[in-house]
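Order of the sequence lines fixes the chain letters, A, B, ..., with proteins taken first and strands second; residue numbering starts at 1 for each chain.
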2 protein chains.
Amino acid sequence: MTTMQDVATRAGVSAKTVSRVFNDDPHVTEDTRERVQSAMRELKYVPNMLARTFREGKSAVIGIAVPDVADPFFAAVTKEIEQAAREQDMAIVVTSLGDDPSLEQSIIETTVRHQIGGLIIAPISADQSYLARWQDSFPIVFIDRTPLKLSADYFVEDDFGGAFEATQHLIAHGHTRIAIVGDSTEVPTTRLRLEGYLAALDNAGLRRDEELVVLGSRNADGAAQACKTLLALPCPPTAIFSSNARFSIGVFPALQALDRTDIALISYGDFTMADVLRPSVSVIDQNPRLVGRVAAERILARIATPTKRFRRKNVLPVRLIERQSCQSVPAVPEDQMVS
Amino acid sequence: MTTMQDVATRAGVSAKTVSRVFNDDPHVTEDTRERVQSAMRELKYVPNMLARTFREGKSAVIGIAVPDVADPFFAAVTKEIEQAAREQDMAIVVTSLGDDPSLEQSIIETTVRHQIGGLIIAPISADQSYLARWQDSFPIVFIDRTPLKLSADYFVEDDFGGAFEATQHLIAHGHTRIAIVGDSTEVPTTRLRLEGYLAALDNAGLRRDEELVVLGSRNADGAAQACKTLLALPCPPTAIFSSNARFSIGVFPALQALDRTDIALISYGDFTMADVLRPSVSVIDQNPRLVGRVAAERILARIATPTKRFRRKNVLPVRLIERQSCQSVPAVPEDQMVS
DNA sequence: AGCCGCCATGTCATCGATGTCAAGGAAAGC
DNA sequence: GCTTTCCTTGACATCGATGACATGGCGGCT
């Protein structure tokens with residue numbers, strides 16, 4: 001490994017002058033510049049980026065922390081961020097937070113150690129106050145979920161609106177017993193979707209039924225289990241609103257295994273193959289690529305102009321994609337028999 | 001940003017002692033250890049990896065370059081690598097190479113410039129000789145595809161064997177006109193799968209038909225198009241072997257759209273929902289998590305012990321998962337009418 | 001008691017690039 | 001000719017963690 005000092009000795013100048021030549025500092029005579037350049041060529045000088053970034057105190061890397069990089073939604077977001085970052089010569093380091101909220105902080109700290117230049121996060125815990133002390137070291141942008149106990153930029157989908165629309169759509173098809181399956185309400189995203197769901201019920205004058213609200217699942221398997229429990233109720237739902245795509249991937253197979261695809265289904269979040277399943281699954285489309293792009297743009301803007309002010313709260317629109325899974329009408333109005 | 005010096009001052013010791021405590025050096029009394037630890041906690045000390053790696057001269061970052069991070073197979077591989085890397089306090093930077101082979105080199109060079117400690121790559125081009133000059137700076141491990149014009153560690157699936165088995169399986173179900181859909185044969189992975197397919201045909205005494213070999217698609221849409229072309233042939237196939245999961249995601253919907261799910265289908269590579277589609281799709285399972293784990297283990301081992309020798313070539317077994325899509329038998333033995 | 005040696009802890013230098021400041025020299029202006 | 005100013009170049013410190021080596025104290029051994 002040849003260093004600037006080696007080149008300097010060879011060219012008969014100081015290391016600082018080599019540095020100047022390397023960084024195109026105009027205050028170098030043409031003569032020395034050439035001497036240094038040929039010395040660099042002869043010694044095949046390659047700068048040590050480790051030393052450079054160490055001195056800068058910050059690396060040209062953006063951290064991305066999401067619940068699961070293998071989740072199609074977050075994978076698509078990541079891809080988009082990566083493309084935007086590459087245009088600015090920035091790399092991205094990705095981390096999966098998993099599904100245990102208590103580990104979030106230590107995982108993030110492991111990432112932060114690398115002196116990242118910015119952080120894009122979709123948190124899983126109910127408290128991100130631990131991030132506060134880094135907010136003046138590097139910008140932080142939240143995606144998919146709002147920051148809790150912290151003030152920071154965030155880009156979320158219209159959770160309430162999307163859930164409202166989905167539920168309303170099911171109601172319009174004659175469903176009155178509509179269940180919701182989701183993860184913890186500690187996550188604001190889920191809470192908003194629950195609220196949208198409840199608001200749509202209220203709006204239509206339907207009774208809320210706690211039995212039909214099954215939250216707290218951690219993954220697709222949990223959601224599948226929740227689904228089975230729902231259908232085993234004395235008075236089961238005729239429609240299910242799955243509050244995120246990760247869970248829909250468990251719910252659909254569960255319905256199919258029980259041979260109950262007559263149950264209507266809407267998923268908050270599109271997923272691969274949703275359109276070719278039978279019945280194809282209606283979804284609220286979140287547009288992960290848009291999320292990725294705007295988040296990347298924001299973090300790059302924050303890095304470039306740290307003092308500039310931006311709108312913190314950003315809500316992205318969602319869109320109902322109607323497919324077959326919500327077209328079924330309740331076979332028997334069981335709820336009326338009971339109520 | 002609190003440094004070791006800050007912690008040292010707080011605990012009334014020298015920075016070196018803090019370093020010792022942090023690195024579990026036994027030569028510290030229990031008393032000072034506790035004082036230092038509580039100082040670290042109070043000041044929320046997070047080590048600066050940049051400083052550490054700069055001193056070590058080795059970066060704590062592993063680069064991962066795959067055709068597409070959003071592809072479920074590579075996303076799963078990435079997730080697994082990330083977990084293994086995190087245990088060693090290493091971060092991963094991921095890059096999508098896209099589908100244009102001519103861009104591969106420049107994308108990799110951009111990544112490499114950030115001084116990485118190792119590289120895991122699933123290349124898209126037909127020549128990785130450009131990587132040779134970095135081979136003594138950091139270890140390189142290939143996954144999914146063998147290195148071309150370069151000698152390096154690689155972990156690939158049994159492409160030939162898997163394709164052979166898939167094709168043979170279709171033959172066993174009575175199919176004689178079997179098509180293959182895939183990407184460029186410049187990629188050795190695809191070529192091997194093609195060879196496995198051809199070998200199975202030969203083995204069964206079936207005629208090779210160039211019309212039924214449709215390679216060169218770049219993505220799912222291209223594969224869907226290829227599929228339509230195949231079915232429009234005067235003498236169309238009764239079965240299709242899709243040589244990778246990325247393409248199967250295009251092929252299945254295409255068959256469904258044409259209402260030709262009677263065409264048998266086997267996919268090299270499992271994909272989300274393949275088991276709940278109707279008909280569910282038979283696949284050759286590649287086990288991305290295994291690929292990720294062994295690749296991560298190898299690169300970490302290479303980083304830890306650069307001089308140790310390892311087996312370069314590693315072939316991972318694949319497994320046929322039989323589902324519904326290959327159970328259909330050819331309705332009419334059209335090929336016999338023609339041949 | 002005196003000496004040896006171990007153990008806890010500290011001091012200093014180091015990794016490579018670069019910001020700061022100063023020195024020296026040449027050109028320009030009076 | 002002398003001063004002013006700019007321009008080129010270099011010496012030194014710095015970023016944070018840590019290896020090499022030094023120091024000082026305490027216990028054990030003869």
At less than 3.5 Å, do the side-chain atoms of A/Arg20 and the base atoms of C/dG19 form a donor-acceptor pair? no

message = Just to be sure I understand the rule, does B/Val18 reach a base, reach only the sugar-phosphate, or reach nothing, if contact means heavy atoms closer than 4.0 Å?
response = nothing

**Message:** Any side-chain N or O of A/Ser19 below 4.0 angstrom from OP1/OP2 of C/dG16?
**Reply:** no

Separation of D/dG16 atom C1' from B/Asn23 atom CG, nearest Å, is 13 Å

5'-most contact on DNA chain D (nearest-nucleotide basis), A/Val28 vs B/Val46, goes to A/Val28

### Message
Parallel, tilted or perpendicular: which one describes the rings of A/Tyr45 and A/Phe22, with boundaries at 30° and 60°?
### Response
perpendicular

Hey, are A/Asp31 and A/Thr29 close enough side-chain-wise for a donor-acceptor pair under 3.5 Å?
-> no

**Prompt:** B/Thr3 near the nucleic acid: base, sugar-phosphate alone, or nothing, with a heavy-atom cut-off under 4.0 Å?
**Reply:** sugar-phosphate

Assess whether one donor atom and one acceptor atom, taken from the side chain of A/Arg55 and the base of D/dG16, lie less than 3.5 Å apart. no

Looking only at atom types and distance, does a side-chain atom of B/Arg312 sit under 3.5 Å from a main-chain N or O of B/Ser151, one as donor and one as acceptor? yes

note: A/Glu30, atom CD; D/dC7, atom C1'; distance rounded to Å ~ 15 Å

Assign each of B/Gly12 and A/Asn48 the nucleotide of DNA chain C bearing its closest heavy atom; nearer the 5' end lies the nucleotide of B/Gly12

dist B/Asp89:CG -> A/His114:NE2 (nearest 0.5 Å) comes out at 7.0 Å

